[in-house]
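Worksheet for the structure shown next.
Owing to the predicted nature of the structure, the values given are computational and were not obtained by experimental measurement.
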Number of protein chains: 2
Amino acid sequence: MLSSKVSGTIKIALAQVNFLVGNISCNVDNIIKTANAARDDLCAELVVFPELIVTGYPAEDLLLRADFIEEANNAVHRIAECVDGIALVIGFPEWSEGKLYNSAVVIHNGVTLACYRKQSLPNYGVFDERRYFTPGKQPCVFEFNGTFIGLTICEDVWQEGIIAANKEAGADILLTLNASPFNLGKMHQREAVICSQVKAAQLPLVYVNQVGGQDELIFDGASFVVSGQGEIVYRAEEFQDYLGLVEFTDNLPIPSTCVPLDEKIAGAYHALVLGIKDYVRKNSFSGALLGLSGGIDSALVLALAVDALGSEKVEAVLMPSRYTSDMSNEDAVLEAEALQVQYHVVPIEPAVNAFNAMLADVFAGTKKDTTEENIQARCRGVILMAMSNKQGKLLLTTGNKSEMSVGYATLYGDMAGGFAPIKDVPKMLVYELARYRNSISPVIPERVLIRPPSAELAPDQVDQDSLPPYDVLDPILERYVERDQSAEEIMAAGFSYEHVARAISLVDRNEYKRRQSPPGIRITTRAFGRDRRYPITSGYKGIK
Amino acid sequence: MLSSKVSGTIKIALAQVNFLVGNISCNVDNIIKTANAARDDLCAELVVFPELIVTGYPAEDLLLRADFIEEANNAVHRIAECVDGIALVIGFPEWSEGKLYNSAVVIHNGVTLACYRKQSLPNYGVFDERRYFTPGKQPCVFEFNGTFIGLTICEDVWQEGIIAANKEAGADILLTLNASPFNLGKMHQREAVICSQVKAAQLPLVYVNQVGGQDELIFDGASFVVSGQGEIVYRAEEFQDYLGLVEFTDNLPIPSTCVPLDEKIAGAYHALVLGIKDYVRKNSFSGALLGLSGGIDSALVLALAVDALGSEKVEAVLMPSRYTSDMSNEDAVLEAEALQVQYHVVPIEPAVNAFNAMLADVFAGTKKDTTEENIQARCRGVILMAMSNKQGKLLLTTGNKSEMSVGYATLYGDMAGGFAPIKDVPKMLVYELARYRNSISPVIPERVLIRPPSAELAPDQVDQDSLPPYDVLDPILERYVERDQSAEEIMAAGFSYEHVARAISLVDRNEYKRRQSPPGIRITTRAFGRDRRYPITSGYKGIK
């Protein structure tokens with residue numbers, strides 16, 4: 001146990017930064033730059049960076065490379081040599097005696113004051129930390145200018161006991177380094193859980209979260225400071241780089257700016273915009289393009305892309321067929337014009353006709369079925385990919401989560417592309433997001449919001465020929481996919497056998513399509529991809 | 001500690017079975033049938049099944065479903081009620097007091113004699129057991145007809161100490177339930193590690209492994225029995241269902257059949273055949289089809305598919321373009337004929353011309369580049385997928401691991417398909433496998449084996465225009481991808497900067513393609529997919 005500290009003030013900077021996974025040398029430069037700014041511009045005495053910021057999070061199997069780990073450990077020495085006059089708390093993968101730890105090191109004027117090893121390693125949902133790290137075994141409290149400061153990392157503060165253990169170990173203030181990914185409502189949940197634990201332990205806490213998009217994950221930032229009474233006394237902006245400051249007097253945080261949290265729909269929209277922006281930027285694409293059908297999904301993706309990248313970096317392609325309604329063509333043009341996006345019109349009939357003729361012999365005597373619909377979708381895929389290849393622009397797919405769930409999409413057709421922004425957005429939420437966007441400025445024609453959705457791959461086709469209505473389908477999917485409910489539980493909640501059976505059997509049998517879909521932005525508590533890992537080969541039937 | 005047993009004999013059956021993941025009710029039926037056969041046909045007193053056999057392995061996130069776990073736990077009761085006169089040792093996911101264990105239960109005449117919880121949960125490579133299971137804490141030895149038998153599960157016997165702990169706990173014989181996946185040389189490694197531990201502990205061991213293909217994984221069977229002196233005294237066939245028997249007298253196993261292990265190349269070939277066979281069968285495809293180019297890769301995949309499924313279930317499609325050589329067309333026909341496979345010829349020019357014309361305006365003023373090559377590959381993808389959709393046949397892709405590593409493949413083109421049999425087979429090994437297959441009966445024309453590989457997407461194109469020679473590329477890739485070596489280490493082994501830089505930079509930047517490739521059969525120690533998990537968005541550069 002450490003003795004109680006002398007009173008005084010301490011200024012702590014919160015470095016809510018957006019770094020690139022894997023680019024250690026660049027991350028080190030940015031850490032040094034940020035620390036100097038915290039010292040010079042904010043007069044901070046200590047600056048806290050997010051979890052594993054040296055490598056970025058999650059670095060996945062890069063963490064298994066000896067060269068990568070060596071570089072990350074050397075990086076800490078380089079930072080120590082380059083920054084003076086401010087203490088830094090930095091997350092990095094610590095290599096020690098043949099083991100790897102998810103650690104937070106405190107450096108001050110070239111000296112290491114403390115190094116804490118994360119105790120609680122999440123290995124569920126999108127997290128695989130047990131794959132890489134050995135857990136630490138004890139709390140770590142260090143003295144800095146007379147204040148005793150405890151260190152924790154992300155999952156630690158979600159567990160019972162670790163905050164209290166820091167209090168017992170003599171901490172006056174607790175720092176938490178995080179790479180806590182966004183999902184709908186996550187910020188409220190995060191603050192509720194942590195404030196309640198802080199209140200129980202009466203230990204003020206500084207929570208610093210990473211921000212930015214990394215493949216499927218969005219880190220929302222929204223770093224905050226909680227008083228020992230469990231009140232939020234400071235909150236940084238969501239979805240933005242931010243260098244904040246909080247001052248403690250006699251270990252009490254002085255209340256300052258509390259940027260309000262986004263409402264649910266606005267938060268989802270901002271997360272999607274950040275996801276597109278960072279995927280394009282961090283992967284060095286010159287821009288993005290997409291197929292614009294006149295339907296609601298591509299209309300929303302176009303708006304998101306323009307809000308993320310600017311009109312001049314986005315291109316739209318209209319690819320009508322004989323089944324495309326005039327209304328769809330008109331609406332697509334209106335959308336492109338409203339967002340001032342360059343668009344091309346490439347009718348697909350010549351290629352479709354060519355394939356049908358080429359396959360006439362092979363298909364002689366067979367009936368038309370979804371094969372012919374898929375050919376149309378795949379011709380569009382070929383056109384879009386050709387334009388992507390030629391221009392170096394990222395092809396965005398426009399499928400939503402409801403479609404991904406039930407496989408209502410064509411592999412290598414409308415599923416072709418490098419990134420799937422609304423892959424984790426259920427159809428009903430697509431409508432809400434479109435209305436939200438229109439409330440800022442009208443960019444999606446009203447009739448796109450009200451007419452029945454259609455893939456337009458056959459005459460007079462609408463989605464509800466094949467699927468339950470979306471306002472029934474979406475809640476069934478949410479229960480089955482996100483909450484792992486059984487068919488019995490879902491029916492007990494009031495859904496019909498027919499609808500439940502249809503939805504579940506489609507989800508079960510379309511894993512193979514999802515496995516080949518591009519990554520998309522996770523906004524729910526259970527996204528397809530690293531979050532929901534199902535076998536393709538499976539005899540499991542959610543509905544008997 | 002248990003007291004020493006009375007002497008006598010015990011007959012133990014090894015149920016090396018091939019079940020379907022997720023199909024619990026069917027697996028239960030098969031367990032009952034197999035146990036009855038062990039009792040009636042082999043006079044066994046005890047039958048040992050593989051790890052988690054009730055659900056199949058790996059069941060992945062099905063293990064997070066409460067309905068699935070409940071069904072699996074009920075299944076054990078059903079088996080207990082249905083089998084008499086023989087003891088069963090069964091792997092199942094045990095749900096107890098809010099925790100899930102990877103357990104082995106011993107049932108005899110309706111009574112549970114013992115239940116062991118796996119202590120060592122692998123969470124590396126292809127394994128994610130910490131995602132699902134809580135580790136057990138102690139060994140479990142039970143008495144059966146006067147013999148004290150210890151229980152272990154898979155990873156347990158790879159760890160120091162667990163075999164010895166069973167000996168200390170009084171075991172006379174140790175049973176090990178396994179779901180141990182194949183890779184090249186794995187059987188030898190497995191036997192070497194386990195025999196050495198067994199010898200140290202002087203405890204005879206019965207090792208029962210699952211067999212069959214499950215998405216990317218092949219389980220090779222090759223169940224065996226080791227004497228207390230560390231000698232293999234029994235070995236079942238590899239890659240086949242097998243119900244074996246070993247008799248112990250005074251706790252000494254009586255030596256019997258030892259089927260020799262396959263040589264490396266034969267083992268790889270048999271693994272690939274089993275992988276295709278099980279993927280097609282377990283996913284209920286009516287057969288398989290593939291594009292036959294006249295090159296070595298598709299020639300090998302055709303031979304594998306025919307050996308797996310029979311000629312009548314396999315179909316080949318030749319899709320020549322203006323760049324396809326006569327030699328390629330001739331060789332493709334010879335291959336189809338040698339294997340008595342139905343083939344179609346669908347020239348791609350009409351579709352290619354249609355796309356080029358459709359894109360002429362959009363591409364006006366640009367130069368020809370790989371875009372035009374990709375269009376050709378994607379036209380082939382559309383044709384093959386249309387045939388797959390129409391007939392319900394699985395489309396096999398024919399790309400090898402060297403290509404997958406460096407991205408020498410077209411997304412949605414030659415990468416289109418449901419299963420990629422040789423995705424984890426480096427090019428040089430493709431040649432060895434082709435020669436191996438020809439040594440059984442000649443099915444691949446000799447000149448396919450000797451002429452320079454070419455994608456034939458441009459005039460006079462050969463792979464080595466873009467890539468280092470395969471006999472240089474493959475060992476570089478093996479070091480970088482499988483062994484995580486740095487560029488410096490690889491160059492220190494004698495490879496040139498130029499070759500290393502080219503190979504590594506291509507591997508680094510093609511993660512996005514691999515992420516959308518179909519699953520394929522893992523045969524190396526590090527396959528792309530669940531085994532090597534890299535971020536797409538990444539600033540890591542293996543070569544600076």
Would Asp61(B) and Arg532(A) count as a salt bridge (charged side-chain N to carboxylate O under 4.0 Å, His left out) if you check the C-alpha gap in whole Å, the side-chain angles of each, and the deciding distance to 0.1 Å? CA-CA 7 Å; Asp61(B) 279 7; Arg532(A) 188 182 190 265; over 6 Å; no
Just by modelled atom types, is the [Y] backbone N or O under 3.5 Å from a matching donor or acceptor in the [X] side chain?
{"X": "Gln516(B)", "Y": "Gly418(A)", "result": "no"}
{"X": "Arg533(A)", "Y": "Leu62(B)", "result": "no"}
{"X": "Tyr412(B)", "Y": "Gly417(A)", "result": "yes"}
{"X": "Asp215(B)", "Y": "Pro535(A)", "result": "no"}
{"X": "Lys390(A)", "Y": "Lys367(B)", "result": "yes"}

What residues, two or more places apart in sequence or in another chain, satisfy salt bridge (charged side-chain N to carboxylate O under 4.0 Å, His left out) together with Glu315(B)? Lys393(B)
Set out, in order, the CA-CA distance, both residues' side-chain angles and the distance that settles salt bridge (charged side-chain N to carboxylate O under 4.0 Å, His left out) for Lys544(B) and Asp67(A), then state yes or no. CA-CA 12 Å; Lys544(B) 309 286 173 189; Asp67(A) 57 344; over 6 Å; no
Please give me the minimum heavy-atom distance between Ala354(B) and Ala354(A), naming the atom from each residue. CB-CB, 4.2 Å
I'd like to know which of Pro347(A), Ala386(A), Pro350(A) tops the heavy-atom pair count under 4.5 Å against chain B. Ala386(A)
Between chain B and each of Lys282(A), Lys541(A), Arg515(A), Met387(A), count heavy-atom pairs under 4.5 Å; write down the option with the most. Met387(A)
Hey, which of Thr410(A), Asn374(A), Thr371(A) is the one that makes side chain to side chain donor-acceptor pair (under 3.5 Å) with Asn389(B)?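 Among Thr410(A), Asn374(A), Thr371(A), the one that satisfies the side chain to side chain donor-acceptor pair (under 3.5 Å) with Asn389(B) is Asn374(A).
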Keeping to residues at least two apart or across chains, list the salt bridge (Lys or Arg N to Asp or Glu O under 4.0 Å) pairs with something in residues 343-362 of chain A.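 As it turns out, the salt bridge (Lys or Arg N to Asp or Glu O under 4.0 Å) pairs with a partner in residues 343-362 of chain A, which skip direct neighbours, are Arg322(A)-Glu349(A).
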